[in-house]
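This report concerns only the one structure given below.
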There are 2 protein chains.
Amino acid sequence: MSAERRLEGEAGSAQERLRDHLSARNLRLTPERLLVLEGVLTREGHFDAEELLEHLRRSNKSVSRATVYRTLDHLAEAGLVKKHHFQEGHALFEHVHGRDHHDHMVCDRCGRVIEFVNDKIEALQEEVCREHDFRELRHVHQIFGICSACQAVEKRAPNASPHHSGHA
Amino acid sequence: MSAERRLEGEAGSAQERLRDHLSARNLRLTPERLLVLEGVLTREGHFDAEELLEHLRRSNKSVSRATVYRTLDHLAEAGLVKKHHFQEGHALFEHVHGRDHHDHMVCDRCGRVIEFVNDKIEALQEEVCREHDFRELRHVHQIFGICSACQAVEKRAPNASPHHSGHA
DNA sequence: ATTCCTCTTGAGACTGAGTCTCAATTTCAG
DNA sequence: CTGAAATTGAGACTCAGTCTCAAGAGGAAT
Ligand SMILES: [Zn+2]
Ligand SMILES: [Zn+2]
Ligand SMILES: [Zn+2]
Ligand SMILES: [Zn+2]
């Protein structure tokens, strides 16, 4: 299974990174934290904490809710996952270990997520921060609108929408 | 007082816009909704719902919590305010009637909000959308990090934070 | 192995923003 | 006026996330 392979392929260095992050703070790499890391690495796209918790329970790798939340924060600090507050009352995570930075376009109709990177925008952002003596730690850049497919559908049937399943 | 003047100066058209928005949906422009609108227009910068509620109570223009939240959503739909989810569990509003578009930098330490506009970034965004045949309706561009003041504090006392009262 | 100190865990209580319910009230078109 | 439909407020409720704290590791030093 590809998730398993991915885990094997990358787990070594992700674990290493987590271990380094923790030990630098006199924290310990516990079995529970490893279970959460493993769970995170096998999730695709954007997921929330409860979803991860449920996934761990189903796979008989149960970890308490408190530990999941606590560990996700550690992983975020270690730069292994990103935590987004896209909508209210619902933080979403994505694992970013070994992935390049990217931003998102989100279709209001079907929910499709398109990733994009634009080096010029990234550079201009840095410039803006410099101008304000602001030390950037991260950014959220999302463009909402209607994707190509939904525009086509609208043109032909001004009502229906090609319901794109699950968040990407 | 400038807040009063501002209110008089703009209230007419803001009310008008709200009335139009509501009547188009068979909703009513009630005294309560007007109180909330008035409160919103006199707030500076970014504020949260509880702050507004408290403000209304202090000015003897009390409106229930439910109505404040409900009305803020109407105002957002009418394009009179913007609702931001900078941090989790804490929506911030700003009134945008008659204001130009801008994006935000948010300090992780003290919560200060700095507004910025960069025409080049805006243009590049349009370009990215064109490339993907994506029709933009709106965007969220937030840069998180450490503001100038908090950087200074950190340098001198690596712990404390200049708890910035009331978000800017 | 034993000690000792610190970190970690999990169950569940708790918090706080925001929503919902519903009876009483207001609005407004007819 | 009158009545249907919208609105309100008090407070119960939800839900994500945090906190508490007693019990359970980890691990360094002896
Ligand atoms: Zn970016
Ligand atoms: Zn779409
Ligand atoms: Zn912008
Ligand atoms: Zn600051």
Side-chain angles (χ1 to χ4, degrees), chain A residues 15 18-40 46-57 60-78 81 83-93 167, chain B residues 15 18-40 46-57 60-78 81-93 108 111 166-167:
Chain A
Q15 266 189 37
L18 178 57
R19 182 175 31 66
D20 292 352
H21 171 82
L22 292 172
S23 69
R25 288 165 181 69
N26 267 343
L27 303 179
R28 292 161 191 168
L29 185 54
T30 65
E32 288 82 2
R33 286 175 181 163
L34 278 176
L35 286 177
V36 174
L37 174 61
E38 187 187 316
V40 161
H46 300 80
F47 58 91
D48 61 38
E50 296 295 322
E51 191 179 325
L52 175 60
L53 180 62
E54 193 45 45
H55 166 74
L56 290 170
R57 283 189 176 144
N60 255 358
K61 297 176 174 173
S62 199
V63 166
S64 77
R65 164 174 285 101
T67 296
V68 167
Y69 278 97
R70 287 186 291 226
T71 304
L72 280 170
D73 283 342
H74 285 129
L75 294 179
E77 279 165 25
V81 310
K83 181 178 187 175
H84 298 289
H85 307 291
F86 293 159
Q87 326 147 227
E88 87 178 64
H90 205 140
L92 289 189
F93 299 82
H167 18 230
Chain B
Q15 266 189 37
L18 178 57
R19 182 174 32 68
D20 292 352
H21 172 83
L22 292 173
S23 69
R25 290 164 179 69
N26 266 344
L27 304 179
R28 291 161 189 170
L29 186 55
T30 65
E32 288 82 3
R33 285 174 179 165
L34 278 176
L35 286 177
V36 174
L37 174 60
E38 186 186 317
V40 162
H46 301 78
F47 57 91
D48 60 36
E50 296 296 323
E51 193 179 323
L52 175 60
L53 180 63
E54 193 45 46
H55 166 74
L56 290 169
R57 282 188 177 145
N60 255 356
K61 297 177 173 173
S62 199
V63 166
S64 76
R65 165 174 285 103
T67 296
V68 167
Y69 278 97
R70 287 185 290 226
T71 304
L72 281 171
D73 283 342
H74 284 129
L75 295 178
E77 278 167 25
V81 310
K82 265 196 178 140
K83 181 177 188 175
H84 300 288
H85 306 290
F86 293 142
Q87 324 150 226
E88 85 177 66
H90 204 138
L92 290 189
F93 299 83
D108 276 344
H167 346 249

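Reminder, nothing fancy here: chain letters follow the sequence lines and each chain counts from 1.
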Legend entry - For atom NZ of B:Lys61 and atom P of D:dG9, their distance in whole Å: 15 Å

Inset, instruction - Starting from C1' on C:dT27, measure out to CG on B:Leu34 and report it in whole angstrom. - result: 13 Å

Inset, instruction - Establish, with yes or no, whether the OP1 or OP2 oxygen of C:dT19 is under 4.0 angstrom from a side-chain nitrogen or oxygen of B:Tyr69. - result: no

Inset, instruction - Look at the side chain of A:Leu27 and decide which nucleotide, out of D:dG17, D:dA10, C:dC7, has an atom nearest to it. - result: C:dC7

Legend entry - Residue-phosphate contact under 4.0 Å: B:Arg33 side-chain N/O, D:dT8 OP1/OP2: yes

Inset, instruction - Return the value, rounded to whole Å, for the distance between atom CG of B:Leu22 and atom C1' of D:dA6. - result: 11 Å

Legend entry - Side chains of B:His55 and B:Phe47 in contact at under 4.5 Å (non-hydrogen atoms): no

Inset, instruction - Check whether any side-chain N or O of A:Thr67 sits under 4.0 Å from OP1 or OP2 of C:dG10, and answer yes or no. - result: yes

Inset, instruction - Report the distance from atom CG of A:Asp73 to atom P of D:dC19, rounded to the nearest whole Å. - result: 10 Å

Inset, instruction - Take atom CD of A:Glu51 and atom P of D:dA16, then tell me their distance rounded to the nearest Å. - result: 12 Å

Legend entry - Check: A:Leu22 and A:Arg33 side chains under 4.5 Å, non-hydrogen atoms: yes

Legend entry - For atom NE2 of A:His85 and atom C1' of C:dA17, their distance in whole Å: 14 Å

Legend entry - Nearest to side-chain heavy atoms of A:Glu32, which nucleotide of C:dG10, D:dT18, C:dG18: C:dG10

Inset, instruction - For the pair B:Arg70 and B:His74, evaluate side chain to side chain donor-acceptor pair (under 3.5 Å) and give the outcome as yes or no after the intermediate values. - result: CA-CA 7 Å; B:Arg70 287 185 290 226; B:His74 284 129; over 6 Å; no

Legend entry - Sugar-phosphate only, base, or nothing, as touched by B:Glu88 at under 4.0 Å among non-hydrogen atoms: sugar-phosphate

Legend entry - 4.5 Å side-chain heavy-atom contact, B:Tyr69 and B:Leu53: no

Legend entry - Atom-pair distance (CG on B:Leu29; P on C:dA29), nearest Å: 13 Å

Legend entry - N/O (side chain, A:Arg65) to phosphate O (OP1/OP2, C:dA11) under 4.0 Å: no

Inset, instruction - Name the residue closer to the 5' end of DNA chain D, choosing between A:Arg28 and A:Arg70 according to the nucleotide with the nearest heavy atom. - result: A:Arg70

Legend entry - Rounded distance (Å) that lies between atom C1' of C:dT8 and atom CZ of A:Arg25: 17 Å

Legend entry - Note, A:Leu72 side chain near A:Leu52 side chain (heavy atom, < 4.5 Å): yes

Legend entry - Earlier contact from the 5' end, DNA chain D, for B:Ala66 and A:Pro31: B:Ala66

Inset, instruction - Indicate whether OP1 or OP2 belonging to C:dT8 is found under 4.0 Å from a side-chain N or O atom of A:Thr30. - result: no

